[in-house]
There are 2 protein chains.
Amino acid sequence: MATRNAAQKRSQAKIEYNAFLAVCPSRRLLDRISDKWVVLVLCALGGDGAGSAGRPASMRYSELARLIAGVSQKMLTQTLRSLERDGLITRTVTPTVPVTVEYELTELGVSLYTTTRQLRMWAQEHMNDVDRHREEYDADS
Amino acid sequence: MATRNAAQKRSQAKIEYNAFLAVCPSRRLLDRISDKWVVLVLCALGGDGAGSAGRPASMRYSELARLIAGVSQKMLTQTLRSLERDGLITRTVTPTVPVTVEYELTELGVSLYTTTRQLRMWAQEHMNDVDRHREEYDADS
DNA sequence: CGGAATCCTAACCGATACTG
DNA sequence: CAGTATCGGTTAGGATTCCG
């Protein structure tokens, strides 16, 4: 039993992931990427911040902090670490003085970015629709 | 000043929404839809739960609770209310005994569903990739 | 059946201070 | 510059009970 490692377990069967099941690993993954900071960081690194130029670019820590208004150091660092661990972004340290740290989307990160980008665009495009519905809803109280 | 209502404010200018700005309404909207329960409810009502049949369908409260494993009454009700308020779903009460309540995506809801569906699919499809990166990352500790 | 209301605790998260 | 560490408040969110 103890001789079987995680990689072997994974390859032993073609698992059918189902995010609706609470116990399914993909559900926990969905929980993680359904996070506002994750979405905003991916959008930033995807290039959404550069006047809709929209090409993935590497960004420094301070650039990200400036672009993503309202994020605390803690949450930004925490989010970046988890994204790095999951293989969605790379972290490159250049030992200048002071140190320079660049973050960049990996190929895997870009594949998720294409979706988070739509999420951000949807929010911006349908803001008025949602607002109108809210007023309507709040009126019939 | 006090005579100008929200609707007039909205129509007075074509606002350029930018979700990166903390003060922007679209940012708050993005924060809301970047929520796991929102994503799961939209996916459920979009038809993702029906063996990938994938056609939007109306569902009862108890059906949703059963499909979305692990959600509490409180969070499910809370999420459904906010989605209804935002105009993404409709809530229909049929006064049978006991009462029957059906939830269904609106047109606006369907437009967001197309994106949340991709989010859920991404999680399921890339689960193995992410797991592999995590093991690798945790190994160099 | 489909909630509402209450209580309560875990976690998230922001603010602050310190470091290489 | 790019973090880490700690503390404390807010809130998400679970469990339970009751209701139309």
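Since the structure is predicted, the reported quantities are computational estimates derived from the model, not experimental observations. Just so it is clear, the values below take in all heavy atoms, side chains as well, and ignore hydrogens, waters and symmetry mates. Throughout, protein chains are lettered first and strands after them, A, B, ... in sequence-line order, and every chain is numbered starting at 1.
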Item checked: A:S62 side-chain N/O to D:dA2 phosphate OP1/OP2 under 4.0 Å -> yes

Check: Could you walk me through whether B:L76 and B:V41 pass the side-chain contact (heavy atoms from CB on, under 4.5 Å) check?
Finding: CA-CA 8 Å; B:L76 182 55; B:V41 166; 4.0 Å; yes

Next item on the list: Using whole Å, report how far CG of A:D31 lies from C1' of C:dC12.
Entry: 15 Å

Check: When you match B:R81 and A:S72 each to their closest nucleotide on DNA chain C, which lands nearer the 5' end?
Finding: B:R81

Item checked: CE on B:M121 to OG1 on B:T116, rounded to 0.5 Å -> 11.0 Å

Next item on the list: Rounded off to whole Å, could you give me the CD-to-C1' distance for the B:Q78 and D:dA12 pair?
Entry: 8 Å

Notebook entry, point to check: When you check the side-chain N and O atoms of A:T90 and A:E104, is any donor under 3.5 Å from an acceptor?
Noted result: no

Next item on the list: Quickly work out the A:M75 CE to D:dT11 P distance and round it to whole Å.
Entry: 16 Å

Check: Any side-chain heavy-atom pair from A:V93 and A:R91 closer than 4.5 angstrom?
Finding: yes

Notebook entry, point to check: Between B:L80 (CG) and D:dG13 (P), how many Å, whole number?
Noted result: 14 Å

Next item on the list: In whole angstrom, give the distance that lies between atom CD of A:Q73 and atom C1' of C:dC12.
Entry: 17 Å

Check: Given atom NZ of B:K74 and atom P of C:dT9, what is their separation to the nearest angstrom?
Finding: 14 Å

Checklist line | Short side-chain N/O contact from B:R60 to OP1 or OP2 of C:dG2, under 4.0 Å | finding: yes

Notebook entry, point to check: Given C:dC1, is OP1 or OP2 found less than 4.0 Å from the side-chain N or O atoms of B:Y103?
Noted result: no

Checklist line | Between P of D:dA12 and CG of B:D35, the distance in whole Å | finding: 10 Å

Notebook entry, point to check: Which whole-number value in Å describes the distance from A:L76 CG to C:dA15 P?
Noted result: 14 Å

Item checked: Contact nearer the 5' end of DNA chain D, comparing B:P98 with A:V99 -> A:V99

